[in-house]
Amino acid sequence: MEGFKFKIEDEPKKPWEELRSKEESKFIEKYRNEVMLDKDTRSNIDQILTREAEEKQLDFAEEWFWKHREDVEKMGYNPNSKEKREIVNIVKEMGGFNDEEWKNNKDIEELYIFKSSIAPEKKNPLELNTSLLILNSLSNRVDKLELDIALKKGDGTSRKEKKKELKEIFKTQKEIVEKISGRDLEQESWDKMGRGPIQWFTTGLFSSFIGISFLYLEQKKRFTPKFIKEEIAKYAQAPEKAEGGIENVYKQVAEKLITEFITEKLKKDEKSKEELEAIKKEFSGPGVKIDNFLDSLIHRKEELRNLNGNWSEDKNGLEKFLGRFNIPLSGLEANDEGINQAIKEYKSAIKKQVGFVKWFTELVSRLFMLDKKKP
Amino acid sequence: MNAILLNNETLRSFIELANIGQDQKGILISKLPQMDLEERTELFKTLTNIYLLHFKKEAAIQQLNKNK
């Protein structure tokens, strides 16, 4: 398979490569025009799926790397290597990609299905259901990119490049959806919203199409164009059905963040009895209602009501808010580079909703760590 | 300073709040009592990010319902 940097040797024939049933062949013949995609879209999909496969390869390599840390260290490799692609090569050398876990990886299997169904024009047209599977895979990629942009993930690609890929994916998704539904999304977008479909990333109607693909994965039905048109009409009226898919995606992302914390941030060495005693002493006692804390931050409640972006004016409000949690803002008088930077960034952070919470969390974390360094 | 935001009770309720599976919650809660200040700070940041994700998701679903 072109595009995959790593090749699995001598795979047995996969089910989807076997002969199609008579009915499926008839179906393809009848609906080939509805399901064929043009050359640019196919090339786009190919690139996107390759990128996604590389990401999965990298995710697998990182997990394997940490699971087999002792063996990795014996071979003289440094587990703290920042070079991510290097980790993939190391894991390849150590045979990680020959493991059952990689070979039976369901996500990779799906990607193989998608790639094998991107066929040259006029020979083997795409099945309707694989169009939906591709749509689903592209949505996963969109979620990942949006998260990476929001978390400012440093992985070698710039924010600009990530945004560019999002645009390409959107273009591809739009074409697939138009082919399946027969609707002109551009025209509808202008008619309904007075603007072009580039905004459709987050609108309900587009999410409805994606919701159908999630439904497909659950029920594994074979769609006909008529069925699709009926389902789309249903989702336009009841978009909460699309929600189940969206819920799942966000949950998966959250769980990945926790996995990263457990594997990368939790210290692996055992703590001494004295250290554990000190920890117990410092961190017991009554807690605070964390949802109130976050709610006040997100919706700028109570002491954070009147923040306006001017640091010297706003300092009081922030100090009062922090005072409730026994965090003295006077820590800022210490000449700490991180905190000075935070103050510089305050003016632009205050303009954002989610961004402000992140800024605040960083500031508070720095204050905690600064306090620890005090004699 | 009394790191009340990072103590066991606060972090335990923060973990319960997160939109993750029960098994991950169990792992975090069992490891919590041994976590030192650095680990707790990182956990706090991670849980905040997850909370913000949840907030973003709710906003997306609301947008979905607006376009009914």
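Note on naming: letters A, B, ... go to the chains in the order of the sequence lines (proteins, then strands), and numbering restarts at 1 for each one.
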So do the side chains of Leu363(A) and Leu318(A) get within less than 4.5 Å of each other, counting heavy atoms only?
no
Quick one: what part of Gln353(A) sits under 4.5 Å from any heavy atom of chain B, side chain, backbone, both or neither?
side chain
Atom pair NZ (Lys67(A)) and OG1 (Thr263(A)), whose distance is rounded to the nearest 0.5 Å:
12.0 Å
Sequence neighbours excluded and cut-off under 3.5 Å, please list the side-chain donor-acceptor pairs for residues 5-16 of chain B, or say none.
unit_1: Asn7(B); atom_1: OD1; unit_2: Glu9(B); atom_2: N; d: 3.3
unit_1: Asn7(B); atom_1: OD1; unit_2: Thr10(B); atom_2: N; d: 3.0
unit_1: Asn7(B); atom_1: OD1; unit_2: Thr10(B); atom_2: OG1; d: 2.9
unit_1: Asn7(B); atom_1: ND2; unit_2: Gly285(A); atom_2: O; d: 3.4
unit_1: Asn7(B); atom_1: ND2; unit_2: Pro286(A); atom_2: O; d: 2.9
unit_1: Asn8(B); atom_1: OD1; unit_2: Arg40(B); atom_2: NH1; d: 2.9
unit_1: Asn8(B); atom_1: OD1; unit_2: Arg40(B); atom_2: NH2; d: 2.9
unit_1: Glu9(B); atom_1: OE2; unit_2: Gly287(A); atom_2: N; d: 3.2
unit_1: Thr10(B); atom_1: OG1; unit_2: Val288(A); atom_2: N; d: 3.1
unit_1: Thr10(B); atom_1: OG1; unit_2: Ile4(B); atom_2: O; d: 2.7
unit_1: Ser13(B); atom_1: OG; unit_2: Glu9(B); atom_2: O; d: 3.4
unit_1: Ser13(B); atom_1: OG; unit_2: Thr10(B); atom_2: O; d: 2.8

Please check if the side chain of Glu345(A) supplies one atom and the backbone of Ala342(A) the other of a donor-acceptor pair under 3.5 Å.
no
Report the option among Leu52(B), Thr46(B), Thr48(B) that has the most heavy-atom pairs separated by less than 4.5 Å from atoms of chain A.
Leu52(B)
Any idea which of Gln34(B), Glu42(B), Gln24(B), Met35(B) has the most non-hydrogen atom pairs under 4.5 angstrom with chain A?
Gln24(B)
Part of Lys265(A) within contact of chain B (heavy atom distance under 4.5 Å)
both
ring-ring contact (aromatic ring centres under 6.0 Å, His included) pairs touching residues 16-35 of chain B, sequence neighbours excluded, are none
Looking at Thr41(B), Leu32(B), Ile27(B), which has the largest count of heavy-atom pairs under 4.5 Å with chain A?
Thr41(B)
Angle between ring planes, Phe325(A) versus Phe321(A), binned at 30° and 60°: parallel, tilted or perpendicular?
perpendicular
With a 4.5 angstrom heavy-atom cut-off, is it the side chain or the backbone of Leu266(A) that approaches chain B, or both, or neither?
both
Under 4.5 Å from any heavy atom of chain A, what part of Leu28(B) do you find: side chain, backbone, both or neither?
side chain
Between Glu275(A) and Lys267(A) (salt bridge meaning N to carboxylate O under 4.0 Å), is one present in this structure?
no
Partner chain B: residue of Ile262(A), Leu276(A), Leu294(A), Val357(A) with the largest heavy-atom pair count (under 4.5 Å)
Leu294(A)
With chain B, which of Val364(A), Asp291(A), Leu297(A), Leu257(A) has the greatest number of heavy-atom pairs at distances under 4.5 Å?
Leu257(A)
